[in-house]
Student: 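Starting off with a structure, shown below.
Values below: all heavy atoms of this structure, side chains included; hydrogens, waters and symmetry mates excluded. For ligands, and for the atoms within them, numbers begin at 1 and follow the listed sequence.
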Amino acid sequence: MVTLEELQVRTLGECTYDSPLADYVAARSTNAYYVAETDRVLIDDTISLLQARGGIPLDEVPSFEPGGPRRKLFFDPKKTKVGIVTCGGLCPGLNDVIRAIVLELFEHYGVTDITGFKNGYAGLVPGKSPDPITLTPSFVETITDRGGTVLGSSRGGQSVPQIVDNLVHREIDILFVIGGDGSMRGAHAIAEEALERNLPIAVVGVPKTIDNDIPLIGTSFGFQTAYAKAAESIKGARVEVEAAIGGVGVVKVMGRAAGFIACYAALANHDADFVLIPEVPFNLQGENGLLATLRKRVKERGSAVIVLAEGAGQDLIPASRRTDASGNTVLGDFAGFLRAQIARDFKDHDEPLTLRYFDPGYMIRSVPADPADSVYCTRLAQAAVHAAMAGRTDMVIGRPRHRFAHVPISVVVKNTQNVNPDGDLWLSVLESTAQPFDMS
Ligand code: ATP
Ligand code: MG
């Protein structure tokens with residue numbers, strides 16, 4: 001369990017500059033909009049969770065620093081130089097975050113020197129990637145019409161000292177990193193290197209994970225758009241299998257270690273008969289196994305749809321030894337194995353089968369953010385800018401308990417967020433699919 005101490009966000013120093021937002025705020029009462037520096041966002045949101053801490057005083061309960069505008073800033077907006085980089089895989093909303101960072105800096109803080117580094121951390125190492133570009137409000141105006149990232153991305157390790165050298169060379173005061181767990185580890189390494197060299201450089205992350213598997217940040221941006229897109233494939237699968245004799249649809253969706261997309265996409269339309277996620281083990285064989293249960297379902301209802309998170313069932317096939325450029329394990333092809341097993345099982349039992357496979361994979365991460373995600377991206381980006389201008393570093397913006405909050409990078413990369421097999425989300429899935437509680 002995370003401690004209050006671990007949740008303390010590092011600051012670069014005393015905030016001495018007045019926020020240019022003052023004019024905005026002056027029009028209202030004196031305290032409108034500004035964050036009360038003494039306030040905290042609680043991790044616990046039920047009385048029983050609080051009670052489980054054994055009656056410790058409120059100011060010792062683990063809590064986050066709230067996000068939002070500060071009255072005083074660490075950086076002088078007139079002189080501040082900013083860099084932005086996107087790393088790791090694509091996710092809906094990356095361009096929305098870039099746009100909102102640029103607009104917030106320009107329009108509200110008057111910070112106009114913004115560099116967009118190309119192709120992830122490679123773009124921060126001179127000579128490794130195309131030259132950086134200058135980001136302006138007119139450049140970012142229409143970038144949210146398309147998915148992906150206008151800055152490009154990459155995987156693969158880069159030299160952190162060289163990155164910091166380059167930041168110093170370019171006189172960058174603030175680096176915004178939009179990326180996944182690996183990117184945040186990189187951001188932490190950059191912040192540490194800057195600290196060791198006693199450099200006042202703020203490194204602030206906007207965490208990106210299409211799988212929604214980063215802990216302590218609430219729901220990740222782009223997740224809602226992603227599962228809505230995945231739900232379209234499940235609907236398509238339903239239509240296909242209902243028209244076929246012995247129709248079985250297998251829909252593989254993203255979710256390497258966490259099955260959130262599978263759960264939410266399945267719940268969106270009640271079109272799934274089985275949801276298989278990495279958090280809940282299952283067997284194929286045996287009376288209670290998936291194959292026998294599937295056959296039964298097809299007999300009863302004429303067809304069935306299986307929603308498979310890509311990381312589910314990895315324990316049922318030989319372990320993969322392959323890794324990508326960043327050292328992440330490349331998952332084995334369980335979807336292929338499952339299809340072969342279903343085909344064999346139906347044949348062995350002399351049952352008719354029309355097997356259809358759907359892999360919306362890259363489709364769901366390349367679409368533009370839906371309006372709700374666009375709003376979310378904008379607000380995360382604005383909070384990230386507020387934090388950085390106030391000299392916060394080595395942190396990410398999150399929205400735990402629907403409150404914008406600052407979370408140290410070291411705690412968000414320590415664990416992953418997963419679907420709780422004993423929690424209410426998984427129960428909703430079981431209720432919606434009527435799949436057995438236990439197929440292990
Ligand atoms: P996702 O997995 O969601 O697609 P990610 O950010 O986890 O996104 P990675 O490719 O794992 O994607 O990492 C992004 C970048 O961060 C890569 O360039 C990788 O080399 C770098 N990186 C990862 N861990 C570290 C680290 N400990 N120190 C420095 N750089 C790191
Ligand atoms: Mg990752």
Side-chain angles (χ1 to χ4, degrees), residues 83-94 97-98 117-126 128-130 147-149 151-167 175-196 201 203-215 217 219-223 225-227 253-261 278 309-311 320 322-331 361-362 364-366 369 377 380 393-394 396-398 408-418:
I84 306 178
V85 65
T86 53
C87 319
L90 297 185
C91 175
L94 288 165
V97 176
I98 296 168
F117 293 100
K118 297 284 282 184
N119 298 114
Y121 286 133
L124 273 149
V125 179
K128 277 235 171 173
S129 196
T149 159
L151 295 179
S153 188
S154 69
R155 297 196 190 275
Q158 307 299 338
S159 153
V160 171
Q162 271 184 304
I163 288 173
V164 175
D165 287 347
N166 194 23
L167 293 176
L175 178 67
F176 290 105
V177 179
I178 314 163
D181 57 324
S183 309
M184 293 307 131
R185 284 192 183 90
H188 176 63
I190 295 167
E192 290 272 284
E193 177 79 14
L195 176 69
E196 268 172 38
I201 297 175
V203 185
V204 171
V206 181
K208 169 223 68 131
T209 156
I210 205 163
D211 293 350
N212 195 35
D213 58 355
I214 297 184
I217 61 160
T219 302
S220 54
F221 76 80
F223 169 67
T225 305
Y227 77 70
V253 298
M254 293 204 161
R256 289 174 60 86
F260 289 105
I261 291 181
E310 62 181 327
S320 158
R322 286 194 300 141
T323 54
D324 69 14
S326 293
N328 305 303
T329 305
V330 176
L331 295 173
Y362 287 98
I364 73 168
R365 51 180 239 181
S366 61
C377 290
L380 284 168
T393 187
D394 203 1
V396 300
I397 282 294
I409 295 177
S410 51
V411 296
V412 296
V413 297
K414 214 156 80 174
N415 296 305
T416 57
Q417 170 166 269
N418 294 92

Student: First locate atom CD of Gln162, then atom CG of Leu124, and finally report the distance between them rounded to the nearest 0.5 Å.
Tutor: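 Separation between the atoms: 11.0 Å.
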
Student: Taking only heavy atoms of Gly89, which atoms of ligand 1 are found under 4.0 Å from at least one of them?
Tutor: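 Once the distances to Gly89 are compared, the set is 1 (P), 4 (O), 8 (O).
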
Student: Return the option from Ser220, Ala325, Gly186 holding the heavy atom at the smallest distance from atom 30 (N) of ligand 1.
Tutor: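 When every heavy atom of Ser220, Ala325, Gly186 is considered, Gly186 comes closest to atom 30 (N) of ligand 1.
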
Student: Would you check the N or O atoms of Tyr121, main chain and side chain alike, for any that come under 3.5 Å of an N or O of ligand 1?
Tutor: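 Checking ligand 1 against Tyr121, no N or O pair falls under 3.5 Å apart.
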
Student: Verify, without hydrogens or angle tests, whether Ser320 (side chain) and Val330 (backbone) share a donor-acceptor contact under 3.5 angstrom.
Tutor: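 Here the side-chain-to-backbone pair exists.
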
Student: Any idea which protein heavy atom is nearest atom 10 (O) of ligand 1, and the distance to it?
Tutor: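 The answer is Ser326 OG, 2.5 Å.
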
Student: Has Asp181 got a side-chain atom pairing as donor or acceptor with Val413's backbone, closer than 3.5 angstrom?
Tutor: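 Here the side-chain-to-backbone pair does not exist.
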
Student: What protein heavy atom sits nearest atom 7 (O) of ligand 1, and how far off is it?
Tutor: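 Protein heavy atom with the smallest distance to atom 7 (O) of ligand 1: Asp181 OD1, 2.5 Å.
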
Student: Taking distance alone, with N or O pairs closer than 3.5 Å, would you say Gly179 contacts ligand 1?
Tutor: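 Not met; the criterion fails.
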
Student: Which is closest to atom 2 (O) of ligand 1 by heavy-atom distance: Arg155, Arg365, Met184, His188?
Tutor: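 Answer by nearest heavy atom: Arg155.
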
Student: Measure the distance from atom 6 (O) of ligand 1 to every protein heavy atom, then report the residue, atom name and distance (to 0.1 Å) of the closest one.
Tutor: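 Looking only at protein heavy atoms, the one closest to atom 6 (O) of ligand 1 is Ser183 OG, 2.4 Å.
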
Student: Carefully, step by step, assess Phe221 and Ile178 under the rule side-chain contact (heavy atoms from CB on, under 4.5 Å).
Tutor: CA-CA 11 Å; Phe221 76 80; Ile178 314 163; 3.9 Å; yes

Student: Ignoring hydrogens, what is the shortest heavy-atom contact between Met254 and Glu310? Give both atom names and the distance.
Tutor: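 Met254 and Glu310 have their closest heavy atoms at CA-OE2, 3.5 Å.
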
Student: With the Mg ion (ligand 2) as the reference point, give the N/O/S atom of Asp181 that is nearest.
Tutor: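 In Asp181, the heteroatom (N, O or S) nearest the Mg ion (ligand 2) is OD1.
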
Student: Would you say the side-chain atoms of Asp211 pair up with the backbone N or O of Arg256, donor to acceptor, closer than 3.5 Å?
Tutor: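 Flag set: sc Asp211 to bb Arg256 pair under 3.5 Å.
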
Student: Counting each atom of ligand 1 from 1 as listed, which ones have a heavy atom of Gly157 under 4.0 Å away?
Tutor: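 Those qualifying, in numeric order: 20 (O).
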
Student: Quick check: does any side chain N or O of Lys208 sit under 3.5 Å from a backbone N or O of Gly89, one acting as donor and the other as acceptor?
Tutor: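 Flag set: sc Lys208 to bb Gly89 pair under 3.5 Å.
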
Student: Can you pull out the closest protein heavy atom to atom 23 (C) of ligand 1? Residue, atom name and distance to 0.1 Å, please.
Tutor: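 Looking only at protein heavy atoms, the one closest to atom 23 (C) of ligand 1 is Gly182 O, 3.0 Å.
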
Student: Do any N/O atoms on Thr209 end up under 3.5 angstrom from N/O atoms on ligand 1?
Tutor: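 In fact, backbone or side chain, Thr209 has no N or O that close.
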
Student: Is there side-chain contact between Asp394 and Val203, with at least one heavy-atom pair below 4.5 Å?
Tutor: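 Counting from C-beta outward, Asp394 and Val203 never come under 4.5 Å.
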
Student: Is it true that a side-chain atom of Thr416 and a backbone atom of Asp213 form a donor plus acceptor pair closer than 3.5 Å?
Tutor: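 Checked: no pair found.
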
Student: Tell me: protein heavy atom nearest atom 27 (N) of ligand 1, and distance?
Tutor: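 Result for atom 27 (N) of ligand 1: Arg185 CB, 3.6 Å.
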
Student: Using modelled atom types and a 3.5 Å cut-off, is there a donor and acceptor pairing between side-chain atoms of Asn212 and backbone atoms of Ile261?
Tutor: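 Here the side-chain-to-backbone pair does not exist.
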
Student: How far is atom 1 (P) of ligand 1 from its nearest protein heavy atom, and which residue and atom name does that atom have?
Tutor: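 Atom 1 (P) of ligand 1 sits closest to the protein heavy atom Lys208 NZ, 3.4 Å.
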
Student: Tell me whether Ser154 contacts the main-chain N or O of Asn119 through its side chain, where contact means a donor paired with an acceptor under 3.5 Å.
Tutor: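 Checking the backbone N and O of Asn119 against the side chain of Ser154, a donor-acceptor pair under 3.5 Å is found.
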
Student: Please identify which atoms of ligand 1 are closer than 4.0 Å to at least one heavy atom of Gly180.
Tutor: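 It comes down to these atoms of ligand 1: 3 (O), 5 (P), 6 (O), 7 (O), 8 (O).
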
Student: Checking contacts here: is it the side chain or the backbone of Asn328 that comes within 4.0 Å of ligand 1, counting heavy atoms only? Could be both or neither.
Tutor: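 Looking at Asn328 and ligand 1, just side chain atoms fall under 4.0 Å.
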
Student: Provide the number and element of each atom of ligand 1 under 4.0 Å from a heavy atom of Gly156.
Tutor: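 So the atoms of ligand 1 that pass are 17 (C), 18 (O), 19 (C), 20 (O).
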
